[in-house]
Amino acid sequence: MLNEVMEIFEKEYSEKQDKLITDSYILSVGTYVKMNLDGNYEIFEIDKNFDKDSDIYEYFRERDYYSTLIDMNKPIDPKKKIHSNQIYSFFVKKEILETIDNAKKLTNEIINKYYEILSEPEKKYSKNAKEIFLGIEKKDRITDKELVQKIKNSIINNLDNIREKYKRDKNYLKIFIDTDIEEYKKEQKKYLLPNIYNTVDYNEKLENNKIYGLPNNNMQLNSKKIYLKNKTRKNEVPILVSTEKILLQNNLFKYLFNCANEGRYDVYFDNLKDEIISLEKGKLPDREIRGYYLRLKKGKEVEIHDIDIVTEYSTDISIILHEYLEYEKKDFKFEIINYGEDLENLKRLSQVINEVLFNKYLNNNYYSTPKDIKIYDENLKQNLLFTRKAFHTWFYKGNDTQVKQIWDKLCLSLIKHNVLNKRKEKAIAQFNLFCELKKYFNKGENKMADILQEKIKLLKEKLDSGKDDEKLYDDSEYFIAMGQAAGYLIDKSLSSRKEVLNGQYLRNLLNIKNDKKLKSNLKRLLVKYSYAAGEFPKFKKLTAMVEGYVLDNPGVINEDLIIAGYLHKNIMYMKKENK
């Protein structure tokens with residue numbers, strides 16, 4: 001899949017060249033010095049707040065980009081004290097200039113060796129790398145040894161003076177010789193091309209004397225990783241790639257590193273417009289995308305934690321929030337829900353789901369390790385860990401299949417938990433959202449909501465009728481009536497004695513698995529709270545209907561409908577309609 005990503009990257013890179021990378025390149029915090037060959041210099045302390053649009057930032061940004069090592073395993077300086085890659089730049093950690101320990105200190109001997117290698121780099125390289133280097137030098141320019149010596153003298157002669165003036169910290173000191181940026185590019189090539197491979201030992205000359213080798217990015221192969229070799233082939237290397245493609249891959253990973261460095265961890269390579277879209281944390285695409293998705297993480301190098309195909313990402317969605325449960329609105333304070341609102345895009349839907357279901361913990365924790373998620377509600381945390389990948393696949397890749405599969409289990413777990421922990425307002429909001437998305441997934445059909453509204457209407461008609469022999473029609477009506485009866489008893493108890501409900505009776509009601517125990521639990525509630533319910537005729541009629549009904553399947557208890565009946569505004573409080 002990385003090859004397909006590179007095809008899109010190549011189209012953008014061919015148009016913008018290195019500006020595609022350098023425009024988003026961020027300088028590390030440290031001391032930057034602009035020095036000419038005569039030894040005159042200016043010092044700039046660059047931190048995170050430095051003006052990134054200034055001319056001097058742009059000056060250092062380009063030169064720093066062309067002076068950086070591929071990694072610390074491929075230095076010019078064999079002692080790894082100097083971290084730059086060419087004659088025009090000189091990078092060291094300030095701490096090695098401050099120490100009095102000779103084993104750690106930057107000595108003139110180390111500096112001399114660094115510039116000696118830059119004067120005659122071919123002596124550093126093995127046969128294959130040497131051949132590459134000599135080809136570059138022949139094409140661009142033979143190293144000017146007198147120039148190298150002059151630069152070295154300027155550095156050595158001014159290093160102590162600069163040390164007295166720079167800010168004391170553990171960041172880098174970076175010195176840049178003031179010359180045209182094209183000179184930096186030419187010198188970088190002399191370092192880059194012999195070192196761009198994982199190792200030149202595997203290089204092969206194939207068609208038209210083109211060199212093919214093992215890429216360094218996203219691939220390791222050494223004496224400790226011999227299991228990566230393909231022992232069944234004459235050439236045991238797992239992959240050989242042309243130099244041009246390796247350079248392109250190197251640029252891709254530099255671009256991705258810049259994205260991660262700026263906090264843009266979600267990157268799309270779009271086939272529709274042949275462009276790259278990188279988004280800050282928490283942002284979602286604002287248009288249709290078809291191509292590839294990468295999730296990045298910043299480390300010493302950029303890490304790709306997820307890569308996937310996006311078959312058809314569309315932000316457009318139409319979900320209008322409805323109230324499937326009636327409730328006392330004066331007690332309802334859940335402001336994120338605007339009933340009647342059309343959730344027109346995935347971004348708005350993700351905000352609602354994030355707050356209503358996950359208390360705002362989902363959107364910031366798609367990739368957090370469990371120990372780093374500070375949620376003290378264990379039910380909420382377990383549900384988040386169980387479902388976050390499914391929601392990420394929907395909101396970032398446009399595929400809702402996984403969410404469809406876990407939607408019922410997730411919502412009913414959260415709703416039940418909130419009911420049992422006296423968070424009725426939260427449970428009502430979650431139930432309404434549950435019904436609305438269930439309707440969306442089922443393409444307009446919502447059996448749960450339809451059953452609830454139908455059965456509440458039938459129950460109200462039966463309780464308002466003057467008949468004494470009314471009966472429940474089916475199991476669904478029975479479970480909803482059971483929830484209504486329990487809700488009324490608990491509510492009356494709370495309102496009359498101002499008790500704090502411990503949830504035990506409701507918990508027993510919801511955890512019972514057969515009808516006999518279900519009715520027995522309701523009777524205990526009646527005994528406990530009969531003083532509060534009194535001789536209210538409508539309630540006596542409701543409990544008589546519940547006690548007289550026999551389930552078609554006594555061993556199957558639908559706690560979802562019991563919860564729905566409990567959450568819905570109680571029919572005991574509904575006025576009789578005049579017809």
Side-chain angles (χ1 to χ4, degrees), residues 323-327 357 379 383 404-421 423-424 426-439 441-442 445-463 470-491 503-526 542-572:
E323 296 175 276
Y324 295 96
L325 291 172
E326 293 184 38
Y327 53 90
L357 295 186
N379 175 271
N383 275 298
K404 284 181 186 179
Q405 295 169 351
I406 53 92
W407 184 247
D408 287 15
K409 183 177 180 179
L410 165 69
C411 290
L412 295 172
S413 172
L414 292 171
I415 292 166
K416 178 180 176 180
H417 182 69
N418 282 317
V419 165
L420 295 177
N421 286 277
R423 296 190 286 261
K424 191 171 182 179
K426 185 83 169 179
I428 289 171
Q430 291 175 337
F431 187 90
N432 284 328
L433 184 61
F434 161 64
C435 289
E436 197 61 70
L437 267 292
K438 195 170 178 67
K439 181 179 179 180
F441 291 139
N442 293 331
E445 184 180 355
N446 189 341
K447 291 182 180 180
M448 170 73 81
D450 293 341
I451 289 171
L452 175 62
Q453 292 175 340
E454 175 192 350
K455 300 307 178 185
I456 288 289
K457 182 180 178 181
L458 286 174
L459 280 172
K460 188 174 183 304
E461 289 175 354
K462 289 174 182 178
L463 294 178
E470 294 282 10
K471 296 180 181 179
L472 298 178
Y473 177 72
D474 58 17
D475 290 359
S476 298
E477 191 175 2
Y478 169 71
F479 291 125
I480 291 172
M482 181 68 76
Q484 283 273 302
Y488 179 70
L489 282 170
I490 292 169
D491 182 63
Q504 187 58 47
Y505 281 96
L506 191 57
R507 183 172 283 104
N508 290 341
L509 194 69
L510 295 179
N511 290 333
I512 288 169
K513 301 304 179 186
N514 68 73
D515 188 39
K516 184 177 179 180
K517 289 184 178 180
L518 194 64
K519 286 185 170 69
S520 175
N521 190 269
L522 181 63
K523 285 180 180 179
R524 284 200 295 272
L525 278 175
L526 283 167
L542 176 64
T543 54
M545 286 193 295
V546 169
E547 291 175 349
Y549 184 79
V550 178
L551 282 173
D552 293 337
N553 189 347
V556 178
I557 303 300
N558 191 328
E559 65 178 29
D560 305 340
L561 287 176
I562 295 176
I563 292 173
Y566 171 78
L567 291 175
H568 196 281
K569 182 178 179 180
N570 206 279
I571 51 182
M572 298 297 113

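Side chains of K409 and I406 form no contact here, defined as non-hydrogen atoms less than 4.5 Å apart. You'll find the side chain of E454 stays beyond 4.5 Å of the side chain of Y473, heavy atoms only. Here the side chains of L567 and K424 are in contact, with some heavy-atom distance below 4.5 Å. Between K426 and L414, the closest side-chain pair of non-hydrogen atoms is not below 4.5 Å. In this structure, the side chains of V556 and L551 stay at 4.5 Å or more apart for every pair of heavy atoms. Within the 4.5 Å cutoff, no side-chain heavy atoms of Q430 are placed close to those of H417. In this structure, V546 and Q484 have side chains that are not in contact, with every pair of non-hydrogen atoms separated by 4.5 Å or more.
Side-chain atoms of N432 come within 3.5 Å of backbone N or O of L325 as a donor-acceptor pair. Listed for the N421 side chain is no donor-acceptor partner under 3.5 Å among the backbone atoms of R423.
Atom CG of L437 is separated from atom CG of N442 by 10.5 Å, given to the nearest 0.5 angstrom. Taken to the nearest 0.5 Å, the CG atom of L357 stands 6.0 Å off from the CG atom of L410. In this structure, CD1 on I562 lies 6.5 Å from CE on M482, to the nearest 0.5 angstrom. Distance check, rounded to the nearest 0.5 Å: CD of E323 to NE2 of H568 gives 10.0 Å.
K416 pairs by the side-chain hydrogen bond (donor to acceptor under 3.5 Å, both in side chains) definition with N511, E559, not counting sequence neighbours. K471 is linked by a side-chain contact (heavy atoms from CB on, under 4.5 Å) to nothing, counting only residues two or more places apart in sequence or in another chain. In terms of the side-chain contact (heavy atoms from CB on, under 4.5 Å) criterion, residue partners of N558 (sequence neighbours excluded) are, by chain and number, F479, D560, L561. With sequence neighbours left out, the side-chain contact (heavy atoms from CB on, under 4.5 Å) criterion links K404 to D400, F441. Taking A485 as the reference, L522, F539, L542 meet the side-chain contact (heavy atoms from CB on, under 4.5 Å) condition, with sequence neighbours excluded. With sequence neighbours excluded, the residues that form a ring pair (Phe, Tyr, Trp, His ring centres under 6.0 Å) with Y478 are Y549.
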Derivation and outcome, side chain to side chain contact (heavy atoms under 4.5 Å, CB included), residues Y324 and K438: CA-CA 12 Å; Y324 295 96; K438 195 170 178 67; over 6 Å; no
